2 protein chains.
Amino acid sequence: MTPKGGQTSTLAGRRRQQVTIRHVAADAGVSLQTVSRVINNAPNVRPEVKQRVQSSIDKLGYVPSIAAQRLSGSRSYLILALNDRDRTIADWRERQGADWVDQMLLGGMLKVAEYGYRLMFELVDTHDDHVERELRATLAALQPDGVILTPPHSENVQITSLLQEVGIAFARIGSVQPGAGVALSMDEEEAAAMATRHLADLGHKRIGFISGAPEYSLSNRRVSGWQGEMKRRGLAVKGMLAKGDFSFESGVSATKALLDLKEPVTAIIASNDRMALGALAVAHERGLEIPSNLSLLSFDNTPVVRFTGPPLTAVDQPVADLAALAVEMIIRVLRKQEIPHQPLIVEAGLVKRSSTAPPRAA
Amino acid sequence: MTPKGGQTSTLAGRRRQQVTIRHVAADAGVSLQTVSRVINNAPNVRPEVKQRVQSSIDKLGYVPSIAAQRLSGSRSYLILALNDRDRTIADWRERQGADWVDQMLLGGMLKVAEYGYRLMFELVDTHDDHVERELRATLAALQPDGVILTPPHSENVQITSLLQEVGIAFARIGSVQPGAGVALSMDEEEAAAMATRHLADLGHKRIGFISGAPEYSLSNRRVSGWQGEMKRRGLAVKGMLAKGDFSFESGVSATKALLDLKEPVTAIIASNDRMALGALAVAHERGLEIPSNLSLLSFDNTPVVRFTGPPLTAVDQPVADLAALAVEMIIRVLRKQEIPHQPLIVEAGLVKRSSTAPPRAA
DNA sequence: TTGAAAGCGCTAACAC
DNA sequence: GTGTTAGCGCTTTCAA
């Protein structure tokens, strides 16, 4: 009595699953349960039966409904990637080439696919005083098996404690704080130190640093990395830290501050590409040639820095790797496998281009 | 007997909905059915009852489970945005700044949110001989209410006929072909004509055109727009159409061909940014200054073209608008409202920057 | 206008 | 090893 499948309504009416577990069971001559066991790779199925069921599945083109799976108390095979709404939308609107979302999808989607999961990308409002309400609603509606948090959510206590409360596996990208959920981050300090080292090795002694928005903990870690390396080399840092907030404008004013010092800097490290573009604009405006008059190095390595004049040397953030690792960790948790209790640290890269060179008077 | 909610297991165990329709019904002192009616804005509920139910919902923070809704034959409140796997992953990997995905998410996510839907982004393999199998599996697993197709899927008969067969509402972005699903597209012909007009108005007579990959129907439409405008102005087109395939390399060779003509072109329109970058490279290599020796205009207006030397004049594709419109059309279909039978056409923009100028010998 | 019953497709728990 | 039973949270009949 297996329905013929052609039964589907042509108009967008009530859509039923065309092939269900029942059809497969009938076709293979086994119970629903046995089919379920085969689908889920559960034990207690004789190889020959498994074989038979599998070929029925293939023949009928059966695919389990995640709605039904979820409803009956199992997995939803859904992992939710949460990003900050305002920031993400602003990035998209400005079209400055920020490809954080793309890299996250790249790393995340490919990795979840390996495990038969799906990645769903969602935006959450941080400023909102009812973050909790919004997040609870999303979780209730979607019932994901795991959640990936990105800065600044990764260290938002309202969010992390809610996730912990409802018992969802989650990863915190860009965080090194202890606590619930798997923390994983680029090695921000080392990256900043590496950038500093690169410039110092070129002969720079006065290396200025433009920090990022303080609500991102990575901002401080980058500052520390720079300070540490400077001190290690016996170079002065006083007055050479300019505050920024990741915006173009803050890059402009910070750069001006660093260039207007009694003893101006000969190199600048900007905590992100956008501020570096601000620095570039100031240099251009003042007729300073890069890199001969001023070396410039930035963080993020978004696409545009390959096309600026000159192309910028930049710290490359392994966003795709981090996302893939986050997925792996979440799936380990779901499988009740061991996970590291220390934050996972991924190395950053340094892509050398033509915005850095020895200082003029070296 | 309403459970206290704190009942949730702390470990990632079996997660149940915390507040279900049953709790709401109990709290409001009505049947499940009445609650369901309120949730779905169905008729036959007295205002006072509706009120009472609604306040219970708010009080308990109830959110319907889409899994359960879907399973019982209703909406999934999910719209699937399908992109070409190979192309998308290649774009992401290359980090050339292609922000098609971002713009699509921008337009799509904001719009679905207005209607209480969610957008899910998925990749589908076109080359695969089992597209149908793959797509069927995705549809069966996710059970979306609607699907958004992008080029080249928009005109892939295997895909469109499958969607029609299973009766899912869908929109085809970048297509003007008649057939099932709502077709909506940028006005490619007019955009190319506009680009041509811009250059002709500057005084160019020999305007070369680099076409895109032929499997994208928009490639031909762009060529037609250019040809049409050239003819309208009595300008020759013979030999000035160079074939490309949207790759950087094809932009390079096409540009060389156009510059190596007995009478070289004085302006080039590239069918996408990447090929324009190829053209830029050739110009640089040959010591041709842009725009004084050669004007260059591209399609797409991806972020990088603002940062090239010089920044490129470009046709702006309103991807976010198209995605938003696609969502609107799908929801109209779901609500059984009327939809246009003609393809919907969205106007393109032309962003003038410094890569176009009057020809030298004008 | 409201409610009760049945069932969507699947899995957990238990029986055999 | 395998099958049976019950039920996930909701919506759709259909009855009151």
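Everything numeric here is computed off the predicted structure, so don't read it as measured data. By convention in this document, chain letters (A, B, ...) are assigned in the order of the sequence lines, proteins followed by strands, and residues within each chain are numbered from 1.
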> Would you find a donor on one side and an acceptor on the other, under 3.5 Å apart, between the side chain of A:Ser36 and the backbone of A:Leu32?
Replying inline: no
>> Could you tell me how far apart A:Leu71 (CG) and D:dC8 (C1') are, to the nearest whole angstrom?
In response: 4 Å
>> So for atom CD, which belongs to B:Gln51, do other residues, nucleotides or ligands contribute more than 12 heavy atoms lying within a distance under 6.0 Å?
In response: no
> Is the backbone N or O of B:Leu334 less than 3.5 Å from a side-chain atom of B:Arg75, with the two atoms forming a donor-acceptor pair by type?
Replying inline: yes
>> Tell me whether the side-chain N or O atoms of B:Gln33 pair up with the base of D:dT12 as donor and acceptor below 3.5 Å, since no angle test is needed here.
In response: yes
> Is the distance from OP1 or OP2 of D:dT11 to the nearest side-chain N or O of B:Ser36 less than 4.0 Å?
Replying inline: yes
> Closest nucleotide of DNA chain D for B:Arg37 versus for B:Ala67: which of these residues is on the 5' side?
Replying inline: B:Ala67
> Side chains of B:Thr160 and B:Gln177: does their closest heavy-atom pair fall under 4.5 Å?
Replying inline: no
> Can you check whether B:Ser72 has a side-chain N or O nearer than 4.0 Å to OP1 or OP2 of C:dC8?
Replying inline: no
>> Just the rounded figure in Å: distance from C1' of D:dG9 to CD1 of A:Ile66.
In response: 15 Å
>> Distance check needed: C:dG7 P versus A:Ile21 CD1, whole Å only.
In response: 18 Å
> To the nearest Å, how far apart are B:Asn40 CG and D:dG9 P?
Replying inline: 17 Å
>> Below the 4.0 Å mark, does D:dC10 have OP1 or OP2 next to a side-chain nitrogen or oxygen of B:Tyr77?
In response: no
> Just how large is the angle between the end axes of the helix from C:dT1-D:dA16 to C:dC16-D:dG1, five pairs per end, to 10 degrees?
Replying inline: 30°
>> Treating B:Thr150 as the side-chain partner and B:Ile173 as the backbone partner, does any N or O pair qualify as donor plus acceptor under 3.5 Å?
In response: no
> What is the distance from CZ of B:Arg70 to P of C:dG7, rounded to the nearest Å?
Replying inline: 19 Å
> How would you label the contact of A:Val49 with the nucleic acid (heavy atoms, under 4.0 Å): base, sugar-phosphate, or nothing?
Replying inline: sugar-phosphate
> For the pair made of CG in A:Leu32 and P in C:dC8, what is the distance, rounded to whole Å?
Replying inline: 12 Å
> Between B:Arg46 and A:Thr20, which is nearer to the 5' end of DNA chain C once each is assigned its nearest nucleotide?
Replying inline: B:Arg46
>> Heavy atoms only, 4.0 Å cut-off, all strands: where does A:Pro64 land among base, sugar-phosphate and nothing?
In response: sugar-phosphate
> Are the side chain of B:Ser154 and the backbone of B:Gly174 linked by a donor-acceptor contact shorter than 3.5 Å?
Replying inline: no
> Hey, does the side chain of A:Gln69 come within less than 4.0 Å of C:dT11's phosphate (OP1/OP2), counting only N and O?
Replying inline: yes
>> For B:Arg46, give me all partners under salt bridge (charged side-chain N to carboxylate O under 4.0 Å, His left out), at least two apart in sequence or on another chain.
In response: B:Glu48
> Is A:Thr34 near enough to D:dG3 that one of its side-chain N or O atoms lies under 4.0 angstrom from OP1 or OP2?
Replying inline: yes
>> Just the rounded figure in Å: distance from P of D:dT11 to CG of B:Asn41.
In response: 12 Å
> Atom CG of B:Asn44 and atom C1' of D:dT12: how far apart are they, to the nearest Å?
Replying inline: 14 Å
> Near B:Gln342 CD, under 6.0 Å, is it more than 12 heavy atoms from other residues, nucleotides or ligands?
Replying inline: no
